[in-house]
Every structure is written in structure tokens, then in C-alpha cells.
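Everything numeric in this text was worked out from a predicted model, so none of it was measured. By convention in this document, chain letters (A, B, ...) are assigned in the order of the sequence lines, proteins followed by strands, and residues within each chain are numbered from 1.
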Protein chains: 2
Amino acid sequence: MARRSTQAASEGTDKAKPVTSYDVAREAGVSQSAVSRYFTPGASVSARTRAKILKAVNKLGYQPNAIARSLITRRSSLVAVVVANLGFNPEFTSILGQSLSARGLNTLLFTLDHESDADHVIDQLWQYRVAGVVAAVTLPPRHVDMLSQREIPLVFVNRAYEEVPVNSVSCDQSEGERWLVDELCAAGHRRIAIVSGPEDSPVSRQRVSSAAERLANAGVKPVEIVVADFTYQGGREAMRKLAAGPARPDAIICANDMLAIGCMDEARHALGLRIPEDISIVGFDGSAPGQWASYDLVTIRQPTNLMVDAAIDMLMARIDDPQLITEKRVFSGELVRGASARLADT
Amino acid sequence: MARRSTQAASEGTDKAKPVTSYDVAREAGVSQSAVSRYFTPGASVSARTRAKILKAVNKLGYQPNAIARSLITRRSSLVAVVVANLGFNPEFTSILGQSLSARGLNTLLFTLDHESDADHVIDQLWQYRVAGVVAAVTLPPRHVDMLSQREIPLVFVNRAYEEVPVNSVSCDQSEGERWLVDELCAAGHRRIAIVSGPEDSPVSRQRVSSAAERLANAGVKPVEIVVADFTYQGGREAMRKLAAGPARPDAIICANDMLAIGCMDEARHALGLRIPEDISIVGFDGSAPGQWASYDLVTIRQPTNLMVDAAIDMLMARIDDPQLITEKRVFSGELVRGASARLADT
DNA sequence: AGAAGTTTAGCATTCGAATGCAACAATTGA
DNA sequence: TCAATTGTTGCATTCGAATGCTAAACTTCT
């Protein structure tokens, strides 16, 4: 085993030179405190020292060390973003990252496949003393409690908990499903099937139960409820199953756009059905592919931008005052009247 | 006023209690050093103290503070992942994040809209003393130099530089385009157009020039080269322009799948063309939507998993030994013989 | 049992920036 | 002009874990 210190010291060709606030202070002829204050928004530094420091900073190419800063201030500019691998709008992550960045926060991204990975994620984000957490997945209540005990602000997106008070922003799933059901029923559909997402997905469960309930109100019993995962392939298989069943439905309510797209492709390209003449298909999300001309989905568009902004607002309010009362913000979706379903004329 | 849960409300002054290694040491009756060594893989700790510490750790719920550790070791477990907002496979980010996580690294995600944002990103990742950088965007040479001076390992994905030596993994764009061109020519296409991505995108430039070159070799001059951005809408507009031009092409080579999808939708749904009877369209990427039945694109599938693994391998090798010579790994793509283009029979 | 070698434990220091405090300078008011 | 006020500055300490070094405890071998 080689001794690194001696080696590194001897071979000093082009060495990385970590510039510290002390270096800047020496260069500018001021104290390290002054340099620190220079980078602290509210601090009092005279114009003269300001100028001297600025010069030294530029000369040396100094960048404050966020690690050291976090250590002493006990807070970082990192926000953990926890998303599920499947079933979530990839554009959401992108928009969220950009909004965070615009507010000077950095994104620590965690993608989880299985809920069980949550333990690991919680450990990691705690180790990094993140300033907050935006979760678009379900976390077990004990993790929610843990974060709240540790006073780490947490905002859920499209999740709500009965048991624990949490901040959340969401799109009104029930309302959206009611709209969809009403549209389908008004257009005369009666043999309606539902394609559900995974059974452990709260979003899917909520959408499916809302739709089923509204159907029941309208005196319609779903001809079938098929469970699929939140993938294109899942949608195709679901459609295949429905077509093979006893009474082919004349309308399908899918738990998200991806499933709807899969259903449409299977219906058209494998089963030779016409949409919406032979069968109506509706989704939920308002994802980009759903709006492509090939699909032109009837769906509920979630106001992603609004939701992201709201989430960040809540998070930052919490960061400033961790004692704030929890709040849930629910946005209405927007019915997108595409051509994938036969709807009543407006 | 909202009602609070019994748990949270019971303790009026529930304070966050940051457990440190000293707390654990006291609880276990050992020194702080011992606790530290307990969490250091190669360190020597006797079975007895190990047990005592483990007990204390569990009792107090201790998690080492990654910030403090990073400060003293001068390295973090963070890897910066820099991607462009448009034009890149979202699944790439997801896979990369998971692979990093599997190796104990965390993902600091930066999404950039404009290349000019790169300055800010470089500042941020340097401030956090990231262990490495995976970039799927072009960075100005000065930034590449800066990272190399600071000895921060850097791996590019699908970018290569002539001027500076950098690590990179990529898919062989030229080879892929040659395959596509050859297929189209062999099938008898002669009026071939190209839809390019943004002119400041190296990936697009490389693909377009490779295709154009191969066409020239075959004695074919592109009927037109249309520039678009890397979006669905861009593809649609490009197709519209091409159709309005003097000689409508019988085949279109698109700089990526998204553009190809846009072209297909415009051709079919706005122009009433049949694909591939009236016009052949090919893409590049092998993205998921391109493989959906509605499109069934002829394209080049990039081996995303291989590329991600290779990138991480290179990065980790660099982290272990920053002096390693730079290396470029180029993978072949895979021709996907879909139905979006009329190809010669095999 | 004693010498020589090997683990293991603890002390003290280190990483780099933020901040309370006290000293000092600059400004204002009388 | 001097005192009171306000604004700046630097010193010294702090955050929490890692690590070189030394001393102590344990093995191993003769």
C-alpha cells in the first residue's frame, strides 16, 4: 500500500489548489470573517473591503465551500426530490429541478423502484441534512414522522395521508374522474371498463375508486376492472384481456395516460378497432405523448407548473418557519377533450 | 385552525435532536474516534467495541453526518448529472441515477435549458465538491479544463472533444447514420430529406453530417435539410415545410426519434400521407415512444444500459485514481427495423 | 514467562466557513 | 468639540467526523 501523502506532495506538477476564504483574506489583506461576511447577504461590509475582497476573489477564483458552510449553518441548499421510477411524469422532475434551481436550491434526486428502497433514501437525505424533501411517492408513516421530528420540511405531490398531517399539493383526482365518467355517460356509454394501475399505487387506487363510485352513482356497473402496471406494455395487455372477455366494453377509463396509450395501440393495431367509433378510451395526467396526434387523448391535464410552484412555495415557507401548520393545496385538473373518446357535444 | 395529530401535539416543545458521534461515544462508553472507525470500512475496531457502538447507534438512531465527513475527507458521495432539458432520453437520467445509487453515490441533478447556464452549474457542483460529473450536454472547453484542474472526474455521454482530452462514452452516430442511409438507398429511395436538430447541438450536427456524407458517397444529394428544435412540435413543423417544398421527399432522416415522431404525425394526420407507402421516416435514439405500435420507427437504438454502466465505471476508476489516462468508449447502436420506412428485404 | 509483534483505543488536530463578542472607526447630534 | 450612536472589523470558537500518532492491550512465539 502506497503512502498517499508523500506521493502527492512529491509529484506536484499541476495540483488542484483549493482556494479557501483564508487565501482570499490574505490576498485582500482582510480577515477571514470579512470574506465570509462578503458572501452573507445581510452582513455589514464596507464598500472599501468589499472592493478588495471582490478583487481577490476574482484573482484567485474563489468559490465558497458549500460543505463547510452547511456544516456550520446546519442547513444545506439541497432539496431531495423523490420520485417513482414508473408512473410519473418525467417532465415533472425536470420542471421541479429548474424551479428549485431558480431559487438557489439544488436537486438531490432519488428514483425509487420499490417502496422498500425508501429506507435507504431517508437515510441518505438525512445524512446530507437536506433543506427539504419533495416526494412524489408514498412514504411509510414512520418516515414521515421521522422527517417531521427532525424538522425537515416535506411536501408530497399527489399523495395525502389520513393518519399524519403533511403538506401536500395535488390535483383533484376525484373531480377529474367524475368529469370523465360524466362525459362518457352523457355520450351514451354503458359498457365501461376500468384499467387500474398497480394496486399499491395510491394514485391509481384513488382514481379507480373515484371513477367506480361515480359510475355507481350513474347506475352503471363497470364491466370489468383490469389491473396493470403503469406501463405502455401494461396498457396493451389490459386491452387484450378486455377484448377477450365476455362483453367487450365500449369505453375504457385508464388510470393514467400511459395505460391509455397502450390500450389505444393494442385496440387499433392488434385488434383492428376504430377509436372512438368502436371504443372510447380516456386517460389521466395530460402527459405530452397523450397529446400527440396519434392519440389525442381525452384526459385530465394536471397543472404541473402550478403544482410545482406551489410545492416549492410551501417548502420554502417551511424552511423559513418549520413550525408552520400543515397545509394541503388541491388544484383542479383540466378536461382535455381529445378525439380518443366519443363525447357528448358541448 | 387545523387539528394536529396527537403525536405531534403531545410535546409542545418537540425539538430536533441532532445525534452526533460524540453522543454515540458517550452512550457506548468509548471515544469518538472509535465511533468514526466503526463507520469506516477498513478500520480496526474490536468485536467488543463494535457491539457496544452498534447498540448505542440503534438506541440513539445515529446517522453519520455526510457534510462533516465530506469536509474532512474533501470528497463527497455526490455525482453531478448534467442533462439538457430537451433532446435527451429521460430514461437515461433514471437509469443513471439508479446505477449510481447502487454504488453508493448520490445524484445531484442539473437540468439546463441553455448552454449559458453551464457557468452556474459548474459553480454549484464545485461548491459541493462533487466526486464526479456525468455530462450529457456540451460544456465549454474552459469548464472542462477547470474540472480537470480541480481533479474532478468527468465523463461525457455522447459528446467528444477534439481540443481537450476527456473521458466519454458514446454511441457511434456515424455508423448508425450510415446504416440508415444504406437501408434507405438500398430500398430505392432517392429523394431524401434531412431534419436536423438545433444547430448548436453537437449530437445533431454529427448525425446530420454523417448522414449527408454517406448520402454523398451514394451519389445522392439531400433534397432539403430542415432545422428544427428537438421537440415533437419541431418535427411537425419540419414535415410541413418539407411537404410545402418543391419536390416532396420520399424519405426523411430525422436527427432523433422525437423529431421523427413529429414528422410521422404531421404526415399522417395533417397531410394524409401513408407511411411507409408514400414516405419513409427514420429516427435515431431508440426511445420508448418510437417503439410504440403507432410509430414503430426505423431507428438506431443506443445501448443506454451499457453506456450508463460504462460511464459509471470510468467515473469510479477516475475517482480512485484521478491520474488515469483519458479514455473514450464508443458503442455500436442497433438498427431497429420498424415499419416507418420502406426498407430492402433482408 | 518474557520478548517481539500486532491490534485497538484515545487524544488532539484538521477540514473551511459562519458568527457572538468586543474593540475599534466613522458618523451624527448637541 | 466631545459624547452618543451606528457601522465595521478581527479574534476566537463552532459545526461533526476522520485520522496521524502514541500508549495500552492483546497475541504469538520462543
Side-chain angles (χ1 to χ4, degrees), chain A residues 1-9 16-53 56-57 60-77 123 126-131 150, chain B residues 16-53 56-57 60-77 123 126-129 131 150:
Chain A
M1 196 200 284
R3 294 214 158 199
R4 262 189 302 164
S5 53
T6 49
Q7 267 193 354
K17 30 141 200 189
V19 182
T20 73
S21 59
Y22 287 95
D23 299 327
V24 175
R26 198 178 319 115
E27 175 73 27
V30 300
S31 75
Q32 180 266 331
S33 320
V35 178
S36 170
R37 285 191 245 268
Y38 177 86
F39 285 96
T40 306
S44 91
V45 187
S46 71
R48 268 167 47 80
T49 33
R50 251 211 155 68
K52 289 195 284 186
I53 293 174
V57 163
L60 301 178
Y62 169 74
Q63 293 277 126
N65 182 325
I67 301 289
R69 189 206 307 260
S70 297
L71 182 59
I72 189 73
T73 61
R74 297 150 152 284
R75 64 161 46 182
S76 71
S77 69
D123 285 355
W126 168 243
Q127 287 185 17
Y128 272 100
R129 300 299 189 269
V130 296
R150 305 213 204 277
Chain B
K17 27 132 201 194
V19 182
T20 74
S21 60
Y22 286 96
D23 298 328
V24 175
R26 196 177 321 114
E27 175 73 28
V30 300
S31 74
Q32 179 268 332
S33 321
V35 178
S36 170
R37 287 192 241 270
Y38 177 85
F39 285 95
T40 307
S44 87
V45 187
S46 69
R48 267 168 49 81
T49 33
R50 251 212 154 67
K52 287 195 284 186
I53 292 174
V57 163
L60 303 179
Y62 170 73
Q63 293 277 123
N65 182 326
I67 301 287
R69 173 183 298 164
S70 297
L71 182 59
I72 188 74
T73 61
R74 296 149 153 285
R75 63 157 51 183
S76 72
S77 70
D123 285 354
W126 168 241
Q127 287 185 18
Y128 272 101
R129 299 298 189 272
R150 305 212 205 277

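Taken from CD1 in B/Ile72 to CD1 in A/Ile67, the straight-line distance is 12.5 Å, to the nearest 0.5 Å. Atoms CH2 and CG, from B/Trp126 and A/Asn65 in turn, are 8.0 Å apart once rounded to the nearest 0.5 Å. The distance from atom CD of B/Gln63 to atom CD of A/Gln127, rounded to the nearest 0.5 Å, is 5.0 Å.
Counting only residues at least two apart or on different chains, the salt bridge (charged side-chain N to carboxylate O under 4.0 Å, His left out) pairs with a member in residues 21-44 of chain B are B/Asp23-B/Arg26, B/Glu27-B/Lys59.
Using a 4.0 Å cutoff on non-hydrogen atoms, the parts of residues 34-47 of chain B near DNA chain C are B/Arg37, B/Ser44, B/Val45, B/Ser46, ordered by number.
Counting only heavy atoms from C-beta on, A/Ile72 has its side chain closest to D/dT14 among C/dT19, D/dA18, D/dT14. Nearest to the side chain of A/Thr73, among C/dG16, D/dA17, C/dA18, sits C/dA18.
Side-chain N/O atoms of A/Ser21 include one lying less than 4.0 angstrom from OP1 or OP2 on C/dA17.
Side chain A/Ser33 to base C/dT19: a donor-acceptor pair is found below 3.5 Å. In terms of polar N and O atoms assigned as donor or acceptor, the side chain of A/Ser70 never comes within less than 3.5 Å of the base of D/dC15 in a complementary pairing.
In this structure, B/Val35 and B/Ser21 approach most closely via the heavy-atom pair CG2-O, 3.7 Å. Shown here for A/Lys52 and A/Gly29, the closest heavy-atom pair between the two residues is NZ-O, 4.3 Å. Residues B/Arg129 and B/Ser76 come closest through the heavy atom pair O-OG, 3.0 Å.
As a whole-Å value, the separation of B/Arg74 CZ from C/dT14 P is 13 Å. Atom CZ of B/Arg69 and atom P of D/dC15 are 19 Å apart (whole Å). Look at CD on A/Gln32: it is 13 Å from P on C/dC15, rounded to the nearest Å. Between B/Leu71 atom CG and D/dC15 atom C1' there is a gap of 9 Å when expressed in whole angstrom units. For the pair B/Tyr22 OH and C/dA9 C1', the interatomic distance rounds to 15 Å; values are reported in whole Å. Put simply, CD on A/Gln127 is 12 Å from C1' on D/dA17, counting in whole angstrom units. The distance between atom CZ of B/Arg129 and atom P of C/dG16, rounded to the nearest whole Å, is 8 Å. B/Lys52 places its NZ atom 14 Å from the P atom of C/dT8, with the value rounded to the nearest Å.
More than 12 heavy atoms of other residues, nucleotides or ligands shown are found within 6.0 angstrom of CZ on A/Arg50.
The residue B/Thr20 sits close only to the backbone: its heavy atoms come under 4.0 Å of sugar-phosphate atoms, none of a base.
Checked against a 6.0 Å centroid threshold, the rings of A/Tyr62 and A/Tyr38 do not count as neighbours.
Taking five base pairs at each end of the helix from C/dA1-D/dT30 to C/dA30-D/dT1 and finding the rotation axis that steps the C1' atoms of four pairs onto the next four gives two axes whose angle is 30°, to the nearest 10°.
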